[in-house]
2 protein chains.
Amino acid sequence: MFKGVFKIDKKIIESLDKAGYRLTQPRKAILEVMKENKGQHLTAEEVLLAARDKAPNIGIATVYRCLESLTSMDILYKTTFDEGKYRYELSDEEIHRHHHVICPACGKISEVEEDLLCSLEQHLEDQGYEVVDHHLKVYAYCPECIPK
Amino acid sequence: MFKGVFKIDKKIIESLDKAGYRLTQPRKAILEVMKENKGQHLTAEEVLLAARDKAPNIGIATVYRCLESLTSMDILYKTTFDEGKYRYELSDEEIHRHHHVICPACGKISEVEEDLLCSLEQHLEDQGYEVVDHHLKVYAYCPECIPK
DNA sequence: ACTTCATATGATAATGATTATCATATGGTA
DNA sequence: TACCATATGATAATCATTATCATATGAAGT
Ligand SMILES: [Mn+2]
Ligand SMILES: [Mn+2]
Ligand SMILES: [Zn+2]
Ligand SMILES: [Zn+2]
């Protein structure tokens, strides 16, 4: 098993191990970057720049590959705010993915931790679906931007 | 005002006129294509191919421009199913945008017309937000794909 | 119908994000 | 410490979308 690992959650280390991934320098750097930026939504380019402080030779291809595999094991969330590129953030601990509220005026992104989709999910289950995940973006003027 | 226009909803024609857009052959072709494919989600490329039957010389740049302006006046919805490209469909008549249910097994996309986000929207309004729109994708095994 | 001209178009180049390739490096195991 | 499958970094390739620009075309007015 991996040794000499600090800064990174044991649970994540175990997931990597279980999936047969090595804990390489680039992966360690990226995981640290994502942890240090909890609550933010970073592009691959932003991750690359931040990760270079920890692993100076890391390349963009590695960043993409790593973000992709971490996403596939639910360690990261991959989202888009319709800018033509993806953004990544550390997954929630809980089962339910949080929602995003985007202000059309100032562009600020807020998070909604509450699920509040029960009626929708119940509706689907009544029809024989089995819900596994969801992505909800709400466009809403934030309190500071409400047009008077 | 425009004359000799069949096949396209009067409401849409009026929106175009109000916004100062001309009713050109390419725009007519694209609107017809979108209407003929109601309920489907088309890529720019797919729209191009279908529109060529009606306007043989239409180019991809025009398709992108047109889809963009129609989206900006809410005649079309622009969505993505995380394939690295956008898809377009004719807007709903009602105020509320429908939701998408994507089956992780077969990839089928179903639509949910019911809103069912009342509690979520109420929650936001209680905090001073003013909701204007939302995009909801639910990932759910469809009845045919429920793993036994 | 004919003229006008601002808007729209089509061909094509440019951009930007992501993915593929491949020779080299490295992590975990024995 | 040696081994070798996995991972990496440099770089080219791909693919969707946007920008450019010379030409065409709608709507309005005659
Ligand atoms: Mn978030
Ligand atoms: Mn739809
Ligand atoms: Zn705001
Ligand atoms: Zn299915």
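Residues Arg97(A) and Asp92(A) are not paired through a salt bridge, judged by the lack of any N-O separation under 4.0 Å between the basic side chain and the carboxylate.
Listed by first and then second residue, the salt bridge (Lys or Arg N to Asp or Glu O under 4.0 Å) pairs that reach into residues 102-126 of chain A are Lys108(A)-Glu144(A), sequence neighbours excluded. For residues 42-64 of chain B, no residue pair satisfies the ring-ring contact (aromatic ring centres under 6.0 Å, His included) rule, not counting sequence neighbours.
Judged as a ring-ring contact (aromatic ring centres under 6.0 Å, His included), and not counting sequence neighbours, Tyr129(B) has no contacts. For Lys10(B), the side-chain hydrogen bond (donor to acceptor under 3.5 Å, both in side chains) criterion is met by no residue, not counting sequence neighbours. By the side-chain hydrogen bond (donor to acceptor under 3.5 Å, both in side chains) test, Arg52(A) is found to be paired with no residue, residues two or more places apart in sequence or in another chain being considered. Listed by chain and residue number, nothing satisfies the side-chain hydrogen bond (donor to acceptor under 3.5 Å, both in side chains) test with Glu94(B) (two or more places apart in sequence, or in another chain). By the ring-ring contact (aromatic ring centres under 6.0 Å, His included) test, Tyr139(A) pairs with His135(B), sequence neighbours left out. Residues passing the ring-ring contact (aromatic ring centres under 6.0 Å, His included) test with His134(B), sequence neighbours excluded: His96(B), His99(B). The ring-ring contact (aromatic ring centres under 6.0 Å, His included) check on His123(B) picks up nothing, with sequence neighbours excluded.
Residue Arg22(B) contributes atom CZ, which lies 13 Å from atom P of dC5(C) at whole-angstrom precision. Rounded to an integer number of Å, the gap from Tyr21(A) OH to dA7(D) P is 7 Å. One interatomic measurement links the two molecules: CD of Glu83(B) to P of dT18(C), which rounds to 15 Å at whole-angstrom precision. In this structure, Ile30(B) places its CD1 atom 12 Å from C1' of dG10(C), rounding to the nearest Å. Summarising the geometry, the separation between CZ on Arg27(A) and C1' on dG9(D) is reported as 14 Å, rounded to the nearest angstrom. Distance CG (Leu67(B)) to P (dA16(D)): 14 Å, rounded to an integer number of Å. Rounded to whole Å, the distance from CG on Leu48(B) to C1' on dA16(D) is 13 Å.
Comparing the helix axis at one end of the helix from dA1(C)-dT30(D) to dA30(C)-dT1(D) with that at the other, each defined from 5 consecutive pairs, gives an inter-axis angle of 40° (nearest 10°).
Distance NZ/Lys137(A) to CG/Asp82(A): 4.0 Å, rounded to 0.5 Å.
Note on Thr62(B): a base of the nucleic acid sits closer than 4.0 angstrom, heavy atoms only.
OP1 and OP2 of dT6(D) both lie 4.0 Å or more from every side-chain N or O belonging to Thr24(A).
DNA chain C lies under 4.0 Å from no heavy atom of any residue of residues 50-59 of chain A.
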Identify all pairs in which a protein N or O lies below 3.5 Å from an N or O of nucleotides 17-21 of chain D, and state each distance.
| unit_1 | atom_1 | unit_2 | atom_2 | d |
| --- | --- | --- | --- | --- |
| dT17(D) | OP1 | Tyr86(B) | N | 2.9 |
| dT17(D) | OP2 | Tyr64(B) | OH | 2.5 |
| dT17(D) | O5' | Tyr64(B) | OH | 3.4 |

